[in-house]
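Data first, discussion second: the structure below is written as structure tokens.
In what follows, chains are A, B, ... by sequence order, proteins preceding strands, each numbered from 1.
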Amino acid sequence: MQTELIQEARRQAEICNACRYCEGYCSVFPSLHAERAFSDGDITQLANLCHNCRGCYYACQYTAPHEFDLNLPKALAEVRRESWESFAWPQPLARRFHTHGGAIALALVVGFALLFWAIRVIGSSGGEGFYAVLSHNAMVAIFAPAFLLPLFSLAISLRRYWAEVGGKPIQMSDLIAALKRAGKMQDLAAGHGEGCNFEDEDRFSQGRRHIHHAIMYGFLLCLASTSVATILHYAFGLHAPYGFWSLPKLFGVSGGILLTVGCGAMVLLKQKSDRELGDPSAWGGEIGFVLLLGFVGLSGLVLYTLSSTALMPALLAIHLGSVLTFFLLVPYTKMAHGFYRLAALIRDAQRKRELSVGC
Amino acid sequence: MTTQKEAYDIAVIGGGNAALCAAMTAAEAGARVLILETAPKPYRGGNSRHTRNFRCMHSAPLGPLIEEYSEDEYLEDLLKVTGGKTDEHLARLAIRTSEECLPWMEEHGVRFQPSLSGTLSLARTNAFFMGGGKSLVNAYYRTAAGLGVDVLYEAAVTHLELNGDRIEWVDYTYEGQSHLITPKAVIVASGGFQADTDWLTRAWGEPAKNFLIRGTPYNRGVVLSDLLDQGVDSVGDPTQCHAVAIDGRAPKFDGGIVTRLDCVPFSIVVNKNAERFYDEGEDVWPKRYAIWGRLVAAQPNQVGYVIIDAKSLNLFMPSVFPPLKADTLEELAAMMDLPADKLKATVAEFNEACGDTSGFHPTELDGVTTSGLTPPKTNWARPITEPPFYGYSLRTGVTFTYLGLKVDDTAQCSTANGKIKNLWAAGETMAGSILGQGYLAGFGMTIGTVFGRISGREAAAYAN
């Protein structure tokens, strides 16, 4: 970890700890106020609890030009990204994509190329629909590792995170508490539930929270679509293509729409925000990632719409190429934040539980 | 010199809580309002930026407030801190009106939160702003903008022309040019004069040069002095200010809440000659920090040094700057530029005077006292023996000044010849009418909100 980033965040946290005005905004402050001194692990945990809602920045009487020069959302955003990079495995991949949108674009082109190549070389063994272009076995051979390898990598990273922040064995109640907070994106709502200060300085708005909801639930629906299809295929012998009123299609289409619209709206919203209240060096990587995710959704919808046309094979390669790239980059892009956030919320639920037991 | 292009009914001078309450109220009554705020936008809001709560009467649970807080109990709390130096009629008006203010504040964008950690004693009496005073100020500026109130930042009012019983015009500078406007009515809500060190020094004496100002550097009392020079009635002791003991490393201005130090009751405090000068354990800190502002002001160089040992480090709220830390008293003395032998002797003498410490209780008056020591330490007296030793410096931090404009219960100003028809005052600049001395947490915001709204209402009625 870069000690200067941690040290700057620590300096700011110590000022916050003497003030405490922001206690009601989010999970960060009650957690911060529970400590007198901040270890590197404490700062890492606070950084991953912070959802960058910016409420504390606009409420702060110590922001520049004040000599204390507080900008906690930025300090924590920088530590957060640095923590993801330093926990990532394997390390050679860790520091490419968070800060470089161009690297994500390049990876996408490689993804396209791989799929076109696979279709050309492997092709079909006589299936229906998409399987007429690339066989089911070939898809599984490509995507099973592309799905499992990133999960394996993330598991290593999260173990490192858990050790760094002093996590304890997880109880079901910790997990439920964390999932509830994450499910509602409560930390993007401020303590009064009116949202964050993102697109128009200190105006509270639900814009970012609702857009994030669209992306998150859209993504989960797409994932559900694939999962249900896998179950139908192996457990029930029901093979694709599925009709519109099937679960895979209903999940997939609604998820794809939410994902596409959500990602488009997020890119527009980010343009209005003040970059200096986030991690400015990660700007390109974040936008690149949101565009990639949105492209996954959009290409899926286009593929679905034009699946009976001559464009289908090319569209299939493009969609699957983007999915491949997306999955492989999960541990090294902004996508990792969801896993770390959840880990941080679980750790925070543990802290609160320990506190209430202690009383 | 340029004259106004737009005709405003009301000019509000100042940009803090009272000014904003006045401006919003007047705009809602249909007046065209201009706020002249001398600070740049990032520093707008005067001392309201640094506030965190609003003391509010309530006959039943109200918003974040629990139980009840009656008018009489509120007044009693006020009389305790002012020693009776208050205008009871105005005080009761402020107290009584505070109850209707809380929902009004919410309607105008203020959000409250449960009492902050370390402030549970105020959960019944004080409503805390979510995010503190700056978020209140932000919300009010947004609401005011929505009501059509115009705001000029870095607009420094230099003069109000008083002619008989009315203000004829307002002079101010903006973007390097002098301007003159002729609003129908003027509301002064521009605070005290504590940021004008020369004025403070004239009032208090030379030591004031070493005082720190806890709040905004923009409360220089320019308009207050201009009006007093023209014979507008004043109130409050011109030589006094409210001052507390704060971390000696705090910035000269705008250090705000974080520079407070809560460790004095668990310490001994010495002056630069390493001599103790007052009972550090006289009472719980919230009741004593104002006294210590004056005590430190009376010491050489207006500075005090707090000495604690390892066992007391975690008994108080964390400080914004870490304490000085040393393994021996000699080293600590060297770091603080104190005579080491004398400090050791003072600590030894104190330690010998400590008795049975088994009844030590950090949050209540525990009667753990010294014996045969002058001055004594009458609570929390535990010997300073466990290294590492920690040290803080203490300086006098000025919160506000008491001298202000005298107003009646419609917030209207006057001269010896009677009321000034179109001049009202609200907030710190008239608080001396009610707070003759001392301070009651959250009461400044009460005065600002109540009299801000009254002055806005009255000025709008006059302008219409």
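Salt bridge status for Arg353(A) with Asp174(A): present, with a side-chain N to carboxylate O gap under 4.0 Å.
The greatest number of non-hydrogen atom pairs below 4.5 Å with chain B, out of Thr63(A), Asn197(A), Asp202(A), is found for Asp202(A). Interface summary for chain A: among Ser319(B), Ser135(B), Pro251(B), Pro40(B), the most heavy-atom pairs under 4.5 angstrom belong to Pro251(B). Chain B forms more heavy-atom pairs under 4.5 Å with one residue of Glu23(A), Glu14(A), Arg36(A) than with any other, namely Arg36(A). Considering only heavy-atom pairs separated by less than 4.5 Å from chain A, the leading option among Phe321(B), Phe253(B), Phe316(B) is Phe316(B). When the candidates Tyr62(A), Tyr58(A), Phe68(A) are compared by the number of heavy-atom contacts under 4.5 Å with chain B, Tyr62(A) comes out ahead.
For Phe204(A) and His192(A), the distance between ring centers is under 6.0 angstrom. Between Tyr340(A) and Tyr161(A), the distance from one ring center to the other falls under 6.0 angstrom. A centroid separation of less than 6.0 Å is found between the aromatic rings of Tyr439(B) and Phe400(B).
Residue Thr216(B) does not touch chain A at all, counting heavy-atom pairs closer than 4.5 Å. For Tyr43(B), the part lying near chain A is the side chain, with the backbone staying farther off; criterion is any non-hydrogen pair under 4.5 Å. Neither the backbone nor the side chain of Arg11(A) has a heavy atom closer than 4.5 Å to any heavy atom of chain B. Using a 4.5 Å cut-off between heavy atoms, Phe29(A) does not touch chain B at all. For Leu313(B), the part lying near chain A is the backbone, with the side chain staying farther off; criterion is any non-hydrogen pair under 4.5 Å. Heavy atoms of Cys19(A) lying under 4.5 Å from chain B belong to its backbone as well as its side chain. The contact between Arg49(B) and chain A is made by backbone and side chain atoms together, counting heavy-atom distances below 4.5 Å. Heavy atoms of Asn314(B) lying under 4.5 Å from chain A belong to its backbone as well as its side chain. Both the backbone and the side chain of Pro318(B) come within contact range of chain A, judged by heavy atoms closer than 4.5 Å.
Side chain to side chain, Glu154(B) and Thr38(B) fail the donor-acceptor criterion of an N or O pair below 3.5 Å.
Pro73(A) is listed as a side-chain neighbour of Cys56(A), based on a closest heavy-atom distance under 4.5 Å.
Annotation: cation-pi pair Arg44(B)/Tyr141(B) present, NZ/CZ under 6.0 Å from the ring centroid and within 45° of its normal.
Side chain of Lys134(B) to main chain of Cys60(A): a donor-acceptor pair is present (N/O by atom type, distance under 3.5 Å, no hydrogens or angles).
A pairwise comparison of heavy atoms in Arg208(A) and His51(A) identifies NH2-O, 3.0 Å as the closest pair.
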